[in-house]
Number of protein chains: 2
Amino acid sequence: MNKKQEITADRFTRLCKARGLKITPQRIAVYEALKNSKEHPSADRIHKQLVHTFPSISLDTVNRTLITFARIGIIDVVEGQGDPRRFDPNREAHHHFYCLSCNKIFDFHDPDPEQIHIPEQITQMFTITGKRLCLSGYCNHCRYQAAETATPAN
Amino acid sequence: MNKKQEITADRFTRLCKARGLKITPQRIAVYEALKNSKEHPSADRIHKQLVHTFPSISLDTVNRTLITFARIGIIDVVEGQGDPRRFDPNREAHHHFYCLSCNKIFDFHDPDPEQIHIPEQITQMFTITGKRLCLSGYCNHCRYQAAETATPAN
DNA sequence: TTGACAAATACGTATCAATCCTATTTAATA
DNA sequence: TATTAAATAGGATTGATACGTATTTGTCAA
């Protein structure tokens with residue numbers, strides 16, 4: 001169903017070294033934690049999780065590491081609406097649905113991102129590294145409550 | 001080129017009243033400032049701009065007002081990558097290119113959002129209120145620098 | 001295997017965004 | 001014009017992220 005673009009430990013090592021990054025226990029732990037996560041977590045969430053098995057790891061390191069990984073392209077930063085930065089280990093082309101109520105992000109694959117037409121004006125003017133359909137609204141769990149909550153003012 | 005879905009002052013008033021919102025000088029100022037902006041600004045940016053002509057307006061009010069407007073659907077929150085929340089007065093269906101270097105957001109219209117196929121599984125499972133193609137990468141101005149900057153580690 | 005060094009980490013601190021609290025003001029309405 | 005609920009200002013708080021720095025640690029070459 002969700003055959004992710006798995007990056008093996010070996011490939012992880014090679015990708016890091018190719019970019020001059022040292023292989024540290026922290027980096028391995030952060031990458032593994034993200035890879036095994038299904039919820040597009042924030043740095044803080046990953047840190048909270050890792051601290052159980054890696055008590056000395058600092059939030060700063062987790063955050064820096066994730067940003068570094070995103071920069072060298074082994075993970076992605078996902079689009080949000082002003083909430084804490086979140087990450088995605090799945091670099092296979094896919095799309096997102098973002099729930100405005102619970103902030104969960106759901107993946108889907110159809111349509112094929114390759115097939116989506118981008119005007120030449122855009123492809124010429126920009127170097128495009130990410131292409132994704134971003135849907136927003138209310139997930140099945142939230143949509144009924146949302147109707148009630150979307151009431152008064154302020 | 002960019003024929004926005006203009007909301008007249010009159011329509012603005014009606015939309016607010018329909019949702020039980022009072023028409024205050026602050027709300028008018030915030031809405032006008034956003035409508036005249038071309039840069040998908042943050043609350044802070046709008047506030048900094050308004051303070052010149054409306055010295056007593058508070059950041060809290062600007063922020064609250066923008067969020068309120070988004071909730072009643074007269075403006076949009078735009079997707080970002082962990083940066084401060086930003087807003088878009090243009091509710092006409094359109095797409096975004098996000099520059100990872102300078103964080104500018106560029107609009108484009110092709111392809112027609114109505115024509116993009118979303119799997120039924122998704123349309124059934126969620127109430128979709130926003131649909132947008134999100135491109136990211138480097139804008140014309142940044143892409144050459146980016147190649148140089150994307151160097152070492154950390 | 002070890003020594004040297006640049007890179008990475010931990011952690012305290014600083015900064016900035018966003019929200020909350022509450023006294024005061026104000027738009028709407030009758 | 002008086003009433004009232006809603007909205008505002010502005011200070012305080014919280015939370016996310018980045019920074020500064022002393023220390024530790026991979027890496028690589030001798």
Side-chain angles (χ1 to χ4, degrees), chain A residues 9 12-31 33 40-51 53-72 77-78 80-87 100 103 151-154, chain B residues 9 12-31 33 40-51 53-72 77-78 80-87 100 103 151-154:
Chain A
F12 171 74
T13 300
R14 271 186 290 115
L15 286 169
C16 285
K17 297 217 168 178
R19 298 299 296 260
L21 298 189
K22 293 179 176 173
I23 311 299
T24 67
Q26 291 89 342
R27 282 184 174 154
I28 295 169
V30 168
Y31 184 70
H40 310 84
S42 65
D44 184 61
R45 188 168 282 272
I46 297 253
H47 178 249
K48 278 192 171 61
Q49 182 188 322
L50 283 178
V51 144
T53 54
F54 200 145
S56 71
I57 200 168
S58 74
L59 172 58
D60 188 41
T61 293
V62 173
N63 191 47
R64 240 181 321 96
T65 299
L66 288 165
I67 291 172
T68 301
F69 287 165
R71 211 193 43 244
I72 68 170
V77 178
V78 299
Q81 305 212 350
D83 30 10
R85 186 184 290 117
R86 288 159 68 180
F87 301 89
L100 297 167
N103 298 110
T151 24
N154 226 313
Chain B
F12 170 74
T13 300
R14 271 184 292 116
L15 286 169
C16 285
K17 297 217 169 179
R19 299 297 297 257
L21 298 189
K22 292 180 176 175
I23 310 299
T24 68
Q26 289 89 340
R27 284 183 172 153
I28 294 169
V30 167
Y31 184 71
H40 311 83
S42 65
D44 184 62
R45 188 168 281 272
I46 297 253
H47 178 249
K48 279 192 170 60
Q49 182 188 322
L50 283 178
V51 143
T53 55
F54 199 145
S56 72
I57 200 168
S58 74
L59 172 58
D60 187 41
T61 293
V62 173
N63 192 48
R64 238 183 322 99
T65 300
L66 288 164
I67 291 172
T68 301
F69 286 166
R71 210 192 45 244
I72 68 170
V77 177
V78 299
Q81 306 211 350
D83 31 9
R85 186 185 290 117
R86 289 160 67 179
F87 301 89
L100 297 166
N103 297 108
T151 27
N154 227 313

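Residue numbering restarts at 1 for every chain, and letters A, B, ... go by the order of the sequence lines.
Between A:R85 and D:dA18 there is a side-chain N or O to OP1 or OP2 distance below 4.0 Å. Between B:N63 and C:dT19 there is a side-chain polar atom (N or O) within less than 4.0 angstrom of OP1 or OP2. The side chain of B:R64 contributes no N or O atom lying less than 4.0 Å from OP1 or OP2 of D:dA7. Contact annotation: A:T24 does not reach the phosphate of C:dA8 (side-chain N/O to OP1 or OP2, under 4.0 Å). Under 4.0 angstrom from either OP1 or OP2 of D:dA7 there lies at least one side-chain N or O belonging to B:R27. The side chain of B:T61 places an N or O atom within less than 4.0 Å of a non-bridging phosphate oxygen (OP1 or OP2) of D:dA9. For B:Q26 and C:dT26, the shortest distance from a side-chain N or O to OP1 or OP2 is not below 4.0 Å.
Computed from coordinates, the A:N103 CG to C:dA18 P distance equals 14 Å when rounded to whole Å. Going from atom CZ of A:R86 over to atom P of D:dT17 covers 11 Å, rounded to whole Å. Rounded to an integer number of Å, the gap from CZ of B:F54 to P of C:dT26 is 10 Å. Atom-to-atom, CG of A:D60 to P of C:dC11 comes out at 11 Å; the value is rounded to the nearest Å. Atoms NE2 (A:H47) and P (C:dT9) sit 13 Å apart, rounded to a whole Å. C:dT9 atom P lies 9 Å from atom CG of A:L21, rounded to whole Å. Between A:I28 atom CD1 and D:dG26 atom C1' there is a gap of 11 Å when expressed in whole angstrom units. In this structure, the NZ atom of A:K22 is 9 Å from the P atom of D:dG26, given to the nearest Å.
No engagement by B:P55 is indicated, since no non-hydrogen atom pair under 4.0 Å with the nucleic acid exists. Counting any heavy atom pair closer than 4.0 Å across all strands shown, A:L59 reaches a base atom. Contacts of B:L66 with the nucleic acid, taken as non-hydrogen atoms under 4.0 Å apart, are absent. In this structure, A:S42 reaches neither bases nor backbone, as no heavy-atom distance under 4.0 Å exists between it and the strands shown.
Classification of the A:F12-A:Y31 ring pair by plane angle, with boundaries at 30° and 60°, yields parallel.
The minimum heavy-atom distance between B:V30 and B:I57, with the atom names listed, is CG2-CD1, 4.2 Å. Residue B:L50 comes nearest to B:A29 through the heavy atom pair CD2-O, 3.7 Å, listed as atom of the first residue, atom of the second, then distance.
In this structure, the side chain of A:D44 does not engage the main chain of A:S42 through any donor-acceptor pair within 3.5 Å. No donor-acceptor distance shorter than 3.5 angstrom exists from the side chain of B:N63 to the backbone of B:T61, with no hydrogens or angles considered. In terms of modelled atom types and a separation under 3.5 Å, the side chain of B:R86 and the main chain of B:H40 share a donor-acceptor contact.
In terms of polar N and O atoms assigned as donor or acceptor, the side chain of B:D44 never comes within less than 3.5 Å of the base of C:dC16 in a complementary pairing.
Nearer to the 5' terminus of DNA chain C, by closest-nucleotide assignment, is the contact made by A:S58 (compared with the other of A:S58 and B:I67).
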